[in-house]
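Every chain is numbered from 1 and lettered A, B, ... according to where its sequence line falls, protein lines coming before strand lines. Hydrogens, waters and symmetry mates play no part in the numbers below; they use all other heavy atoms, side chains included.
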Amino acid sequence: MTTTYADAIKLQKEVAKKVVAKDDFGEINRICGVDVAYSGDTAYCSAVVMDRNLQLLESVHAETVATHPYVSGLLMLREAEPIFHVLKKLKSVDYDLLMVDAHGQLHPRKCGLACYVGVTLDKPTIGVAKSHLCGTARPDGFVELGGEVLGCVIGKKKRLYVSVGHRVSLETAVAIVKELGIEPLRLADINSKAQKRRKGLRP
DNA sequence: GCGACAG
DNA sequence: ATCTTGTCGC
């Protein structure tokens with residue numbers, strides 16, 4: 001992984017060019033959700049795979065040490081490695097779509113964590129963030145940035161920012177979230193926090 | 001210079 | 001993300 005902010009930004013611009021913002025997959029039957037919880041710089045990462053009926057097929061976890069602090073716009077530096085690490089543990093089943101708890105193309109350089117992970121693994125990926133980072137939401141929900149529609153905000157009370165990670169169109173990404181919600185992410189969130197808590201109660 | 005700022 | 005009590009609303 002790169003070290004300086006300048007190198008990271010340069011890398012993001014290169015990765016952004018490789019993002020395929022259109023549907024490029026067969027069938028989406030299995031969805032994988034990943035999330036990370038922290039205790040200082042110790043990262044507790046969880047990944048779960050569910051079918052379209054939201055039935056759990058596999059669950060794995062991994063503990064790593066974060067090498068970079070959190071910096072807005074450069075979340076990939078802190079969270080990508082833990083995610084790659086935990087995804088390597090998925091062996092009994094494969095997945096068709098990866099759901100990341102972060103922005104995808106709806107990012108200052110069109111390369112949020114979801115894009116970086118998706119392009120690196122070359123997997124259909126969508127980004128679902130819980131808060132705003134950049135761009136302006138139109139009345140219809142689509143979010144524009146630099147004259148482009150790069151994301152969509154869903155939900156009135158609990159707003160979710162959906163954007164393309166890789167090999168999925170924004171329309172499909174939105175359809176997936178509207179149909180299945182973010183259960184994979186919710187379960188991964190619960191598991192990562194449980195993992196962290198379990199470790200903490202361990203003298 | 002001032003405000004905004006994923007997890 | 002994490003630190004944290006009571007409190008407002010469906």
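Along DNA chain C, read 5' to 3', the first and last nucleotides having any atom under 4.0 Å from a heavy atom of chain A are C:dA1 to C:dT2. Along DNA chain B, read 5' to 3', the first and last nucleotides having any atom under 4.0 Å from a heavy atom of chain A are B:dC5 to B:dG7.
Between the side chain of A:R167 and the backbone N or O of A:T125 there is no donor-acceptor pair closer than 3.5 Å. Checked by atom type and distance alone, the side chain of A:H166 pairs as donor or acceptor with a backbone atom of A:V20 at under 3.5 Å. A donor-acceptor distance shorter than 3.5 angstrom exists from the side chain of A:H103 to the backbone of A:S131, with no hydrogens or angles considered. The backbone N or O of A:V65 sits nowhere less than 3.5 Å from a side-chain atom of A:D41 that would complete a donor-acceptor pair. The backbone N or O of A:V117 sits nowhere less than 3.5 Å from a side-chain atom of A:T120 that would complete a donor-acceptor pair. Of the possible polar contacts, none joining the A:Q105 side chain to the A:G127 backbone as a donor-acceptor pair under 3.5 Å is found.
Nucleic acid contact class of A:A37 (heavy atoms, under 4.0 Å, all strands): sugar-phosphate only. The residue A:H132 sits close only to the backbone: its heavy atoms come under 4.0 Å of sugar-phosphate atoms, none of a base. Using a 4.0 Å heavy-atom distance criterion, A:Y38 is classed as a sugar-phosphate-only contact. Residue contacts shown for A:L74 include a base, since a base heavy atom lies under 4.0 Å away. Residue A:G73 is in base contact, counting any heavy-atom pair closer than 4.0 Å across all strands shown. Heavy atoms of A:L106 sit nowhere under 4.0 angstrom from any nucleic acid atom.
Annotation: side-chain hydrogen bond (donor to acceptor under 3.5 Å, both in side chains) contacts involving residues 43-53 of chain A, sequence neighbours excluded, comprise A:R52-A:E179.
Minimum interatomic distance between A:A102 and A:A114 (heavy atoms only, all atoms of both residues): O-CB, 4.4 Å.
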Under the side-chain contact (heavy atoms from CB on, under 4.5 Å) rule, what do A:D96 and A:I31 come out as? Steps first, then yes or no, please. CA-CA 6 Å; A:D96 308 304; A:I31 300 175; over 6 Å; no
If you apply the rule side-chain contact (heavy atoms from CB on, under 4.5 Å), what do you find for A:K193 with A:Y38, and how did you get there? CA-CA 8 Å; A:K193 287 175 179 170; A:Y38 298 91; over 6 Å; no
Can you list the steps and then say if A:T172 with A:S169 is a side chain to side chain donor-acceptor pair (under 3.5 Å)? CA-CA 5 Å; A:T172 296; A:S169 65; 3.0 Å; yes
Derivation of the side-chain contact (heavy atoms from CB on, under 4.5 Å) call for A:T136 and A:L145: CA-CA 7 Å; A:T136 305; A:L145 179 65; over 6 Å; no
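The aromatic rings of A:F84 and A:Y116 are tilted relative to each other, their planes meeting at an angle between 30° and 60°.
With a 6.0 Å radius and a threshold of 12 heavy atoms from other residues, nucleotides or ligands, A:R138 has its CZ atom above the threshold.
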Taking only Watson-Crick and G-U wobble pairs with both distances under 3.5 Å, what dot-bracket line describes DNA chain B, where [ ] shows pairs that cross earlier ones and | shows pairs with another strand? .......
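For DNA chain C, if you chain together Watson-Crick or G-U pairs that step i with j, i+1 with j-1 and so on, you find no run of at least three with distances under 3.5 Å.
Under 4.0 Å is where a charged nitrogen must lie from a carboxylate oxygen, and between A:K110 and A:E148 at least one such pair does. A salt bridge does not link A:R186 with A:D101: every distance from a Lys NZ or Arg NE/NH1/NH2 to an Asp or Glu carboxylate oxygen is 4.0 Å or more.
Taking every heavy atom of residues 96-105 of chain A and every atom of DNA chain B, pairs under 4.0 Å involve A:D101, A:A102, A:H103, by number.
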